[in-house]
Amino acid sequence: MKTVSVVGAGFAGLSVSLKLAQKGFQVDLYESSSRVGGLLGTDTTEHGIAERAANALIRTSKAEDLFNELGLKPSLPLASAKKRFLFRKKPRTWPLSFSETLGLICRVLPKLLKGKTSLKPQSQETLEQWGLRLLGPAATQHILGPAMQGIYGNEISGLSASVILGPLFSKKKKDKYQGLLTGPGGMQDLVDHLEAKLKELGVRIHLNTSVNARELKGPVIIATSASAACRLLKESHPSLSQVLSEIRMSSLMSVTLFFNKAQTTYQGFGCLIPRGYGLKSLGVLMNSYIFADRNKTYNETWMMGGEKEQDLLSFSDSDLLKLIADERFRILGHKESLLDYRINRWDKALPYYDLQLEKTLELLKSMLPAKELYLHGNYLGGIGLSKILERSEVLAEEIASRYA
């Protein structure tokens, strides 16, 4: 039985280990911390649960298959989650005026009639430049900006249009998105079921373990952040490590707040917040209106971070809660009493999908796969969990065909 070594037991490492074990490989999974799951996890409080980072997967056929394989019945969004808000002086389901909407239609429709390739981003073009060129200033600031910041954690003035939007223009068959899904007890449910399934399949999980990439057996998959991969490969693959060192990382913070009274003015998935209003928050998730059994006590999760907001990591709990309370009143118009909270600070958690990453990914294409070495993680063209799951399947297929 061929052995594969996987380094990093976040979602990338867990999911690729599962796919490899299902193909008959002996998998050794190495994790430097005391638990699997990486950023994924769920805190249980007397008021309900609080997610540490992502609150769900995009519901694709592959994600549904994963839940079925694990014997995990998914929790699906409530009908109220279909409503989403964008902030423009107040939360709105559509933030553009009539004339701005008409202008957007007049800009985009002729290009769509020519074919979607006319919308394709150019090399080294930022998302902001792409938006201004094709959508106009209003749609760029009030729709594209907050939507992309909510996913990538940084302002569109620095994000690469090619890396983020390029896959939309590929001819590769795409998995349909059908909403979201999570575990009944949150994302920790998914982590726990993955860990149990791996053990059932004979995967050897090594926690609190430092590894030397040179000493690992068989094909090696480095399923860590770009910065961790850079450190791990410094001695064994110095040129690859140097390329990875060019990938910039940014912070992420999630702050879940439990209130004594629900705000009912805006009942929906949440509200995204564009730049230009002097607000630090990227957006707010209205958890009690997203999934069932999340309304034991009304709660919200406020997302903050990004390269330009690294200083927020050093805020004390009291200063951070005061900042959010001020912004919450300005955005939602509410001042309910706070019962409890959970703050998760993640330094260098997200790859910055900037123009440098665009260059780096082109370089990596020519360097990988190196002999028996593979990279896996959220810096390789897909930041969402469902994208990572897709790459796990591709990697497992590639390794299986190469070492059959």
Side-chain angles (χ1 to χ4, degrees), residues 11 39-60 63-64 66-67 72-87 91-94 146-153 176-191 193 252-273 281-305 324 327-328 331-334 336 338-344 383-387 389:
F11 185 70
L39 271 61
L40 295 182
T42 309
D43 294 322
T44 302
T45 79
E46 63 177 304
H47 302 290
I49 65 172
E51 298 291 3
R52 296 177 188 173
N55 72 337
L57 285 80
I58 292 176
R59 186 184 174 191
T60 62
E64 288 184 327
L66 174 64
F67 275 64
L72 179 59
K73 185 178 180 180
S75 179
L76 303 177
L78 300 165
S80 55
K82 293 178 180 178
K83 183 175 284 189
R84 304 183 180 218
F85 299 97
L86 293 152
F87 181 74
R92 304 170 188 269
T93 52
W94 182 251
M148 292 297 104
Q149 286 165 189
I151 299 171
Y152 294 91
K176 290 184 179 180
Y177 293 169
Q178 306 171 62
L180 300 171
L181 75 172
T182 187
M187 293 301 283
Q188 189 63 48
D189 251 357
L190 175 60
V191 171
H193 278 73
L252 173 68
M253 297 180 66
S254 69
V255 184
T256 299
L257 309 173
F258 296 90
F259 295 98
N260 69 335
K261 181 182 177 183
Q263 70 82 15
T264 56
T265 310
Y266 306 104
Q267 299 183 37
F269 187 88
C271 183
L272 292 168
I273 304 159
S281 303
L282 297 171
V284 51
L285 299 174
M286 300 165 186
N287 303 314
S288 297
Y289 296 128
I290 301 176
F291 292 109
D293 304 321
R294 305 294 171 91
N295 59 352
K296 179 180 179 181
T297 303
Y298 176 78
N299 63 96
E300 301 166 354
T301 296
W302 288 73
M303 306 304 296
M304 313 181 90
I324 293 174
E327 296 200 352
R328 184 174 188 265
I331 295 164
L332 301 180
H334 285 266
E336 288 85 8
L338 185 64
L339 295 175
D340 198 2
Y341 67 91
R342 289 294 183 275
I343 298 176
N344 289 283
I383 207 166
L385 298 177
S386 292
K387 290 290 186 184
L389 179 60

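- Here the closest heavy-atom approach between residue Pro91 and residue Leu332 is recorded as CG-CD2, 4.0 Å.
- The minimum heavy-atom distance linking Phe67 with Pro74 is given by the pair CD2-CB, 3.7 Å.
- With sequence neighbours excluded, the residues that form a side-chain contact (heavy atoms from CB on, under 4.5 Å) with Thr42 are Ile49, Glu51, Met187, Gln188.
- In this structure, the ring-ring contact (aromatic ring centres under 6.0 Å, His included) partners of His47, at least two apart in sequence or on a different chain, are Phe258.
- Side-chain atoms of Leu72 and Pro184, non-hydrogen and from C-beta on, do get closer than 4.5 Å to each other.
- When every heavy atom of Arg294 is checked against every heavy atom of Gly183, the shortest pair comes out as NH2-O, 3.4 Å.
- In the displayed structure, Asp293 atom CG is contacted under 6.0 Å by at most 12 heavy atoms of other residues, nucleotides or ligands.
- Proximity of Glu64 to Arg59: side-chain heavy atoms (C-beta onward) are separated by under 4.5 Å at one or more points.
- For Leu272 against Gly150, the heavy-atom pair with the smallest separation is CD2-CA, 3.9 Å.
- Between Asn55 and Phe291 the shortest side-chain heavy-atom distance falls below 4.5 Å.
- With sequence neighbours left out, the salt bridge (Lys or Arg N to Asp or Glu O under 4.0 Å) criterion links Glu327 to no other residue.
- Phe269 pairs by the ring-ring contact (aromatic ring centres under 6.0 Å, His included) definition with nothing, not counting sequence neighbours.
- Applying the ring-ring contact (aromatic ring centres under 6.0 Å, His included) rule to Phe259 yields no partners; only residues at least two apart in sequence or on another chain are considered.
- For the side-chain contact (heavy atoms from CB on, under 4.5 Å) with Asn344, the qualifying choice from Leu252, Asp43, Val255 is Asp43, the only one to do so.
- No side-chain heavy atom of Leu39 sits under 4.5 Å from any side-chain heavy atom of Phe11.
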Using a 3.5 Å cut-off and no angle test, enumerate the donor-acceptor pairs between side-chain atoms of residues 75-83 and protein atoms at least two apart in sequence or in another chain.
residue: Ser80; atom: OG; partner: Tyr289; partner atom: O; Å: 2.6

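- Here the shortest heavy-atom pairing between Ile331 and Cys271 reads CG2-SG, 4.4 Å.
- In summary, the side chains of Asn287 and Thr301 do present a donor paired with an acceptor at a separation below 3.5 Å, with no hydrogens or angles considered.
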